Amino acid sequence: MRSIISIFLLVVIAWGMITVLQEIPFGSSETRVGQRYIDQGREETGAANIVTSVVLNYRGFDTLGEITVLFVAAIGLGAVLSTNRKKKKREIESASLVLYTGCRFLFPLILLFGAYIFIHGHLTPGGGFQGGAIVASAFVLVYLGCRGRRISETGSKAVESLGGLIFIGIGLAGLAVGGRYFLSNFLPKGELNTLFSAGVIPILYIAIGFKVGSELAGVIDHLIEDSE
Amino acid sequence: MNGFGTIITGIGVLFLFLGNLGVLRLPDVYNRIQAGTKCTTLGAFLAILGIGILEPSWFWKACLIALFVMATNPISSHAIARASNKIGVPLCHKTVVDQTKDFKKDRKT
Amino acid sequence: MPEVKYKTIHRMRSFAYLFFILFISWLALTSSFQWQELSIGVFISFALSLVLHKNYLALGFPPLSIKRLVFIIIYMIMLFKEIVVANIDVAYRVIHPKMPIKPGIVLIKTGLKQDIAKMILANSITLTPGTFTLDILGDTLLIHWINVQSQKTDETTKMIGERFEKYLRVIFAE
Amino acid sequence: MDIQGVIHFMQNYTYYIGAFGLIFIGLFIMLVKRNLIKVILGLSILETGVNLFLVSVGYISKGTAPIFSNASIEGKSMVDPVPQALVLTAIVIGVAVLALALSLAVRLYQHYGTLDLRQIREQRW
Amino acid sequence: MSGTIIFIYLAFIGAGIFLCLLRMLKGPTASDRAVAVDTITTTVVALLVFLGFVFKRYVYLDVALVYSLLAFVGLVAIARFLEKGI
Amino acid sequence: MNDFGLFLNGINPVLFIVVPLGFAFGIPLLGMISKKIVKWVPVFVYSFVLVGALSNIPDVLDKPIIIQIGGFVPPFGINLVAGPVGILFSALIAFAGLMVSIYAVVYIKEGPEVRYHILYLLLLTGAMGVVLTGDIFNLFVFFEILCISSYTLVGYFGNKSGIESAVKYLIQGAIGSSLLLIGIGLLYGLFGTLNMADLARQISSADPVTVFIPMALMITGLGVEAALFPLNAWLPDAHSSAPSSISAILSGIAIEVGLYAVIRILFTIFGISDFIMFFVFLGVLTLLIGEMCAFSQNNIKRMLAYSSIGQIGLMVFAFAIATSHAVAGGLFQMISHTLGKGLLFMAAGYMIIRSGSMKTASFEGMGKRMPLTCVAFTIGAFSIVGLPPFIGFPSKFLIIQSALAKGTVLFTILTGLVLMGTVIEGAYFFRIVQVIYFKKGNGDSERNEAPIAALIPMFLFTAVIIIIGIYPKFVLGILDSAASELLNQIDYIRSVLG
Amino acid sequence: MSLELLLAAAFGGSLLTYLLGKISSGLRDGFAVFVSVILVAMIAGLYGKIGAVTSYYHFMGLELTLRISPLSWFFAMAVSTLGALSVIFSLSYMRDRERTDFYYLMMLLINASMLGIVFSGDLVSFFIFWEMMSWSTFLLISYNRGSALAAGMKYIVFSIIGSMAMLIGMLSLYAVYQTVNIYMLSNLVSSASPGYLLFLLIVFGTAFAIKNAIMPLHTWLPDAYAEAPSPFTAVLSGMLTRMGVYGFLMIMYVIIGSVQTLNMGYGLLKFNYILAWLGAVTIVIPTFIAMLQNDAKKLLAWHGIGQGGYMVLGIAYGTNLGLAGGIFHTLNHAIYIVLLFMSVAAVQYRTGGERDLNSMGGLIKKMPIAFIGALFGISGLIGLPLTNGFVSKWLIYKTLILNGSPFLAFTALIGTWGTILSVYKFLHNLFLGQLPEKYKDIKKSPVNMQIPIVILSLTILLFGILPGLPLKVINSIIASFGFKSLNVTLWGIVSETGSLNTINLFAAILTGCVIIWLILKTGPKSVSASQENTYAAGASIPEGKYHYTVDFYNPFYRMIKPYLKDFMDIFYFKLAGWTQTLCNIVRKTYTGYVGHYVTYIVLFLAVLIFMQLKWSLW
Ligand code: NA
Ligand code: NA
């Protein structure tokens, strides 16, 4: 019965969706704003990856919000799980030597790779979030391979904080000294498609990378450790 | 060079396919994982390397990916196999010997 | 894991290994010799090595020598050959309508000490014909063998492990 | 809307159908499933559908990724970068919500010993 | 590389992935499915590189690398979960 | 006009968002130095924001401040619109935030305190972002910050009811967010822009049937947080299970901000300038259902939560009338509800602590035990009911006046229904007041007042409730210009896009 | 002396009293008396300033004003005087009670609010003061705890309903005429359509009928009167309830105006006839219910309702005589009912709060002053000649008969008959008959209780003999409503159709008394028995039978009881029950199962979309 009602309701909604989707032809979208980004993004922001220029310059404020959302989730998850008082020690199978050794071997490599991704965010499809996710996965791997080696909470918190503060600091620097706008790209734009280009974007992405990496690692750590 | 790359890639693709087929056909987890790991590792390695040869500017990066696959694939497969062994996923009826017990005895001491 | 007092030489060695691996990877990743990329690469590799070389200490990398390098190269060639053979072997078994297999799980022993050496051995076994490392503990490896030819540990050790171990012993000798 | 229209729509809007298919599947799961984990999965599917939809909104026929990775690339045939940026944000938000939901589910299970939402209704009326 | 060859290669890869999907559906144990996923991911890494070649987009290599890395971590997690290591 | 740094005449409104955010990011570092500092951070931050918001009032009454983020001309970058509405809400958020943070200094004693203060800052930052932004997707992002931090804070104590409520809140809120996002996606697909002014400009020439679907999605999505009936099922659970300081913010800020988003979208983006019958009915329905549910509650916080639903209904009713007086009345009602309900929750928080129960019956004899808190509670209750000389009176007055100014029989009847809701509301609030003062408590009747740090914000709330109740002039000026900002779509477009 | 200052003194005085109470109770008591007496003086001093208007505040763009009209001065005088007397009376009554500071605060606040109400020159001020009065009254009714809480709830719910009705009326007036000034409205409203005027009369009428406890909106009153602290009950019954009369006068004769009001409707369905009939019903039924009460305060409370009926009857009738009667009766009622409640309070004070008529008796010797108060009070209540009640009732009867409404007159007379029956029980059971054992050592009431009782008793006589004093003021009130003024003399009223001269009455009654005294003097002497002497022909009477009034009206009671149940009260209780049930049903919407909640969300969206696609609402 509930299914039938649900399906009926969804059909009504689908009907409405079809009506409006007919006005949004697939494959030829209305890209007035987007087209401007493509046309002028390189000059205005110096980033070869236009998505990055949108993410960190044109819509940088969204990204500030976005890292905040992640921060909220990380903090909130910690709060939810930390109230768990009755932690039991479980019998845990230790990882095999192969995994253990492999993880230790790969760990620095993955970190390097993460760093590569977030440093090249303005040149390649990477970016702070992707790089951060990779950094976090490195920690997850260590965690899986070497149980008991939890990430240092203090360290991750400090990195997390500093990442956020750097982002905001750069934004405020833009407001105070740069173009008089919050988050304005006040550093020299450099030559397109070189590492040192796009002004503040790489710096922001590095901050985001660190922040996201430590946050995701913390989230996963909490989820594994505190959820018995 | 182009032809060489194409052939290498082709061999890789072939092995990939065989590995996948093995996973489907072989009787139990352990046999499947044998086929899966060996063939896909080599298959992916060759396929990626072949592409690297076809696009010389990509070569080093392709090498890196290939090596990464080469390094990680046995580890992940090993982890899965070990888990299967630990939780006692049954062996197929063709199995002739299982010395896991002896190993466990060792493990205890 | 027992805390071991590592000598400075060990530290420097693992630092060097790590830096080398990282920097080579960076070069491969960027595939570029622009000074910006190189300098950043050096910087990151250096920083990561500085922080993480402890990770590599416990793995037991051997000191580098010409002999070892030669053996490494030989080992790699041998391994590659084995892998190709292994693949053909598997392909044969998979494609064959009757699936000629005689699987079983056996034990082998190893004389290797370092973690990294054991790992390389285990992975090599995994990638080579008919064998697969299920587990490893101390000097014992649990092997799934697709075509069991012996059940005695000395024999299995010879048949499965020895062909790799003889090189690895040299490479990782103290 | 007649049958012809529907067929035309099906032909031309496959991506939308996929995206909204996921959205409706997610909603349906959330509507009828009683297990919290399933509901969270439904939410995840719903969010995936939304993200797909966002990306497909910005698609341009035969467009490529908006990255000027070398000089030969033209700005003409690039897809709209804005939805991609939006999706990036949406994904991160989705992950955040998902993680939080799971952690709450863990705690809820500790309190109730069940994840059946019909039985978890002390808070009502 | 001609279009035909590309098509053949893609067909083989696609067929392989399809076979593994069958195994994933059939099971019968969780380990079997994990093995199937393991094989699929490796195949997909190769597929991604191959597609990058087809579309002439260098960036696909990065995607492949990220994918292989995340797949590896994911599989290890599955394995550890199966043996109750987490 | 678009070009200024940290300070112009007032403090740059972007700092209302950025400074709290910066401190929230920095708290973990501060927490390593000293945990005692942490709880004072929100107090400090919101003092600053309050000063900032107030310092901008003279300017925005003249013309709205448009702040471009990153220096891109709208619609090509995100911009903040600090008009009368934005500054009004900023001031409200800052004031309530400041007061509740003072309260929380002593109230929050157990649990992961450092995290509490971070999440608290973030919650308010989300609210602040929603009310200031001029970009629809940016609104979504800040809305998510607001929502996610409130999910967490609802479950802050980690007890059974808290977690259950948080889960339910999260599920409903997440569906709402997804619907909102679909709506935004459709709008982007239709118009290729996300700037609210730009959207508004283009929508006026679009086909209304097409535009309706995204509007419906967005209204439904935001309606969940705005607690429109029947989207508000999370509210009584969440508000009653959260720590009282958070209940005060959820009731006082969060749902108001949700409603703000609804009306901003309706009025500014979709340019609905005539009264909206659907929402008139919805408002009355929400009001009646809220009050009726509250009527038969014996859990004090649940009662207050349902009362919030009723109040939201009243605001929806006011906004749906959509005359400048009515909208001003709705905004006024928001202010009075924030103050009144905030006060009630804060007072109830310590009454619950002292009595050890949320049951209204356990408050017998409270008037003796904590006289000051009880006076505050009583004044809050009277204000919510709309008795003079408290702030609830002028706000209700303005709404009823503008409803009757419609001059139709239908509106007279609807007004009658609204006032019937007030009768029910009065009944249950007066019942509580009786319990507090005129029932002998069993057990100890030792005087055991709330701590001074909790009394200070209560006192200040009370003072503002009375002062504005007597001198509504203080806020009427900004309310009028806020109402005209909301109703005048053309001016909004012009001020943003030039 | 301006009105703002007066109100500031009233409100400020109440707060200051409260604060002084925190220092010393003596200081507080003294200051309370001081404030209330000063207010009387101040208002008396305002007599000459009738017509003065002050604009004191701007609220929400509205000009708030205060204004002295003859009507407001009249009511203010009554309010402040009775308030002062109640405060004096309270001094000992409230001693040693808890929360005395609170009591005085509320008492003075209520007085201040009432002054605010009558001096309001605009409806907003009126409403604000009205609301303040309502909630402070609520707090004071609930003061006694226990069953007082239910009484308080009943009161406040009715009150809010009334206020909300008034709010609608007021704001609709504002919406139409852009002003809330009563005197500006009185010029504007006269041109409104009859339908709108009827709407105004209904909404305002609801508010005032509730406050004045006109049937069927009376049910809050008996409980509230009975449960409130007795000195406050006096105020409640004497003045606070009569704010309803003030309100009726304001809306009917000031704002809408006599011409429109009296022409509202057709034939028998005229508004004022209906109101008059409601008044008549309110006279009869409560009076008979009063007869059945065994609780002294409830008995008086029901009379309070009944007497309210006379006032409404008088003012609704809409002639100069009737209006004069109604207004005068308001004052008279205030005086004697305050007196009666004070007498009861004095008894309560000494008996420890006893209100049950059946457990008391014979207090005449012990508490003579209280007895005198009660005696004068019931005389006024019945309307015996030479008491004030006689004059006002006479005016009302006169106008009913003169204008050809014999039925109404008859019902009013039935009411008086019922009153006589019931107050006899009251007087007898309290003061006459046997004195119960436990009250053997009872003391006289304290001096500060005696003073107000004596003053009020004398006032009853004064206004009974010299009705011209208040009637002169009342005359100016009805003149201000546009009615023809009465020909008032100090001793009464002279008119073409019959005149009232209390001097003649006084002489006649005096003569009669002398004759009766002479007859009794010549007859046999009666033997006076001690009150404690409980023998009856040698047999001892069981304690429960001391009173033959225990079942005083038993046969009668059995006869009319089925008809005298307070049907409305029962109905309201049912209504409350239904409301509660409805609320509980509505509450079930929130089932606790998230699946339902998700359905609500999807349903909402689907309904929105469906409505638009199907009917194109936008
Ligand atoms: Na493998
Ligand atoms: Na793999």
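Quantities reported herein were computed from a predicted structural model and do not represent experimental measurements. Reminder, nothing fancy here: chain letters follow the sequence lines and each chain counts from 1.
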Inset, instruction - Any chance you could lay out the side chain to side chain contact (heavy atoms under 4.5 Å, CB included) test for D:D80 and A:I38, step after step, and finish with the verdict? - result: CA-CA 8 Å; D:D80 192 344; A:I38 291 171; 5.8 Å; no
Inset, instruction - Looking only at non-hydrogen atoms, find the nearest pair between D:R107 and A:V80 and report the distance. - result: NE-O, 2.9 Å
Legend entry - Max heavy-atom pair count under 4.5 Å with chain A, selected residue of D:I93, D:I91, D:L88, D:L27: D:L88
Legend entry - Closest contact, heavy atoms only, A:V54 versus D:A85: CG1-CB, 3.5 Å
Legend entry - Part of D:L86 lying under 4.5 Å from any heavy atom of chain A: side chain
Legend entry - A:Y116 atom OH, over 12 foreign heavy atoms within 6.0 Å: yes
Inset, instruction - Scan A:I50, A:V33, A:V55 and name whichever one has a side chain to side chain contact (heavy atoms under 4.5 Å, CB included) with D:P81. - result: A:I50
Inset, instruction - Please indicate whether A:Q40 has more than 12 foreign heavy atoms, meaning atoms of other residues, nucleotides or ligands, lying under 6.0 Å from its CD. - result: yes
Inset, instruction - Verify the neighbour count for atom NZ of A:K189: are there more than 12 heavy atoms of other residues, nucleotides or ligands below 6.0 Å? - result: yes
Inset, instruction - Let me know if D:V97 has heavy atoms under 4.5 Å from chain A in its side chain, its backbone, both or neither. - result: neither
Inset, instruction - May I ask you to name which of D:T89, D:L98, D:V82 has the most heavy-atom pairs under 4.5 Å with chain A? - result: D:T89
Inset, instruction - Work out which heavy atom in D:F28 is nearest to a heavy atom in A:S3; give both atom names and the distance. - result: CE1-O, 3.9 Å
Inset, instruction - Could you tell me which portion of D:A99 (side chain, backbone, both or neither) has an atom closer than 4.5 angstrom to a non-hydrogen atom of chain A? - result: both
Legend entry - Donor-acceptor pair, side chain of D:Y16 and main chain of A:I24, under 3.5 angstrom: yes
Inset, instruction - Below 4.5 Å from any heavy atom of chain D, which atoms of A:I13 appear? Answer side chain, backbone, both or neither. - result: both
Inset, instruction - Work out which heavy atom in A:L77 is nearest to a heavy atom in D:L100; give both atom names and the distance. - result: N-CD1, 3.7 Å
Inset, instruction - Would you mind checking which part of D:F20 comes under 4.5 Å of any heavy atom in chain A, side chain (CB onward), backbone (N, CA, C, O), both or neither? - result: side chain
Legend entry - Contact origin within A:A14 toward chain D - heavy atom pairs under 4.5 Å: both
Legend entry - chain D contact via A:V51 - which portion, at a heavy-atom distance below 4.5 Å: both
Inset, instruction - Please determine, among D:V79, D:L102, D:V92, the option with the most heavy-atom pairs under 4.5 Å with chain A. - result: D:V92
Inset, instruction - Kindly check if the number of other-residue, nucleotide or ligand heavy atoms within 6.0 Å of CZ (A:F196) is above 12? - result: yes
Inset, instruction - Look up atom OG in A:S6 and atom CZ in D:F24, then write down how far apart they are to the nearest 0.5 Å. - result: 12.5 Å
Legend entry - Neighbour count >12 (heavy atoms, 6.0 Å) for atom OH, D:Y112: yes
Legend entry - Under 4.5 Å from any heavy atom of chain D - which part of A:T124: backbone
Inset, instruction - Let me know if A:L21 has heavy atoms under 4.5 Å from chain D in its side chain, its backbone, both or neither. - result: both
Legend entry - Nearest-0.5 Å distance that lies between atom CZ in A:R2 and atom CZ in D:R34: 6.5 Å
Legend entry - chain D contact via A:E215 - side chain, backbone, both or neither, heavy atoms under 4.5 Å: neither
Legend entry - Spacing of CD1 belonging to D:I67 relative to OG1 belonging to A:T52, to within rounding of 0.5 Å: 7.0 Å
